[in-house]
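Counting from 1, the numbers follow the sequence of the chain as shown.
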Amino acid sequence: MAAPTNDAPKGWLYGPAPDLLLGCGVLFMVLSAVFAVGGDSLFGSIPYVIPAVLIALISAPHYGATLLRVYDQREDRQGYFLFSVVATLALLAVAGVAMFNPLIGSILATIYLTWSVWHYTAQNYGIPMMFLRRRGAPLDAGIQCLFHASFNLSFALVFVVMHGASDSVADPAREVRMMPLSIPGGVSDIVLPLLLVAYGLATLGWRVQLGRRVERFQDLAPPILISLLQALWWSVPYLDKQFGFAGGTVAGDWDAR
């Protein structure tokens, strides 16, 4: 994985174009808009080899870089021993059991699918904070609290919908599947609007407060874009799944992909 270039413009990792298109998700938003307009027919017309190639080019280097970060240097292996060795061996043991026990596999799948939302949300929080610090933006405790709350509330929205009550489609003791916590609909109907309002206020709050403090509008571009990416990636599809404001098509398309 290439290191950031030293001659990149100040405040950027590789430069405005690659950072905005890849790091801040502009390319993802453009492709999402194209598929939203094109519908299922456009998505279905794409050869299966293309997603496979994209996964090989993007996901594989990501995981490879993570492995190098943890295992390449002796001091890193020792510093992260609990995760690099103990947790890894424990997960391998549980995965081995899950191969023969569908219930354990279902529990493992549920934990993984829930954690993955948190993982990506945490990354989407960390990247704009990195850009803001590289630009010397004035991040006081109030702004950081609102910023953190915005992404946490986005995750909370997804969590409530993901673990809402739903009809069982398979026996988790016989087939590996997601095992939602089955949060009652009456609880979700009360909690989700409150979370949505809090999410909107927190997001608006950090944008207003930060906008008053930065000298250049371009310093706001990365955090605003990634905040929008978080919403389009997680919040909007799951809220559509719950309330069907787009006929459920957003969540349906997302699940299909």
Side-chain angles (χ1 to χ4, degrees), residues 22-25 27-29 31-32 35-36 51 54-55 58-59 62-63 65-66 83 87 91 94-95 98 104-130 145-166 168-169 172 176-185 187-189 191-203 206 222-246 248-257:
L22 301 175
C24 297
L27 183 59
F28 172 84
M29 297 178 204
L31 291 176
S32 296
F35 284 117
L54 290 175
I55 290 172
I58 299 174
S59 294
H62 170 76
Y63 292 120
T66 302
F83 300 100
L91 285 173
V94 174
I104 299 298
S106 295
I107 295 173
L108 194 63
T110 302
I111 293 173
Y112 172 77
L113 291 172
T114 304
W115 172 84
S116 66
V117 181
W118 172 254
H119 171 71
Y120 288 116
T121 298
Q123 285 188 327
N124 286 343
Y125 164 78
I127 293 173
M129 292 297 290
M130 174 194 66
C145 182
L146 288 171
F147 203 86
H148 202 209
S150 173
F151 285 87
N152 284 342
L153 288 165
S154 174
F155 168 76
L157 286 169
V158 176
F159 181 90
V160 172
V161 177
M162 177 184 288
H163 288 281
S166 60
S168 178
V169 296
V176 175
R177 62 178 291 266
M178 170 79 176
M179 295 173 58
L181 298 177
S182 296
I183 300 172
V187 175
S188 298
D189 291 341
V191 171
L192 280 174
L194 294 176
L195 288 174
L196 183 58
V197 171
Y199 174 43
L201 290 175
T203 303
W206 72 255
I224 288 177
L225 286 171
I226 297 177
S227 176
L228 179 60
L229 175 67
Q230 172 70 20
L232 293 177
W233 200 343
W234 295 114
S235 304
V236 172
Y238 276 87
L239 287 172
D240 175 55
K241 183 177 181 180
Q242 179 72 16
F243 298 113
F245 54 80
T249 56
V250 176
D253 290 345
W254 183 258
D255 290 340
R257 294 169 195 177

Looking only at heavy atoms, what is the nearest atom pair of [X] and [Y], with distance?
X    : Y    : value
C24  : M29  : O-CE, 3.8 Å
A202 : L153 : CB-CD1, 4.2 Å
S188 : I183 : OG-CG2, 3.7 Å
Y199 : S235 : OH-OG, 3.6 Å
L113 : M178 : CD1-SD, 3.9 Å
G25  : L229 : CA-CD2, 4.0 Å

Starting at [atom1] of [X], measure out to [atom2] of [Y] and round the result to the nearest 0.5 Å.
X    : Y    : atom1 : atom2 : value
S106 : I111 : OG    : CD1   : 11.0 Å
I224 : W206 : CD1   : CH2   : 5.5 Å
I226 : M129 : CD1   : CE    : 11.5 Å
N124 : L228 : CG    : CG    : 11.0 Å
Y125 : S227 : OH    : OG    : 12.5 Å
L31  : L27  : CG    : CG    : 4.5 Å

Original post:
Are F151 and F147 an aromatic pair by the rule of ring centers under 6.0 Å?
Top reply: yes

Original post:
Taking it one step at a time, do Q230 and T121 satisfy side chain to side chain donor-acceptor pair (under 3.5 Å)?
Top reply: CA-CA 7 Å; Q230 172 70 20; T121 298; 3.1 Å; yes

Just wondering, do [Y] and [X] contact through their side chains at under 4.5 Å, heavy atoms?
X    : Y    : value
D189 : Q242 : yes
L232 : S32  : no
W234 : L157 : no

Original post:
Going through the checks in order, is the side chain to side chain contact (heavy atoms under 4.5 Å, CB included) test met by F159 and L181?
Top reply: CA-CA 10 Å; F159 181 90; L181 298 177; 3.7 Å; yes

Original post:
Should T110 and H163 be marked as a side chain to side chain donor-acceptor pair (under 3.5 Å) after you check the CA-CA gap, both sets of side-chain angles, and the distance that decides it?
Top reply: CA-CA 10 Å; T110 302; H163 288 281; over 6 Å; no

Subject >> Polar side-chain atom of T66 near backbone of H62 as donor-acceptor pair, under 3.5 Å >> reply: yes

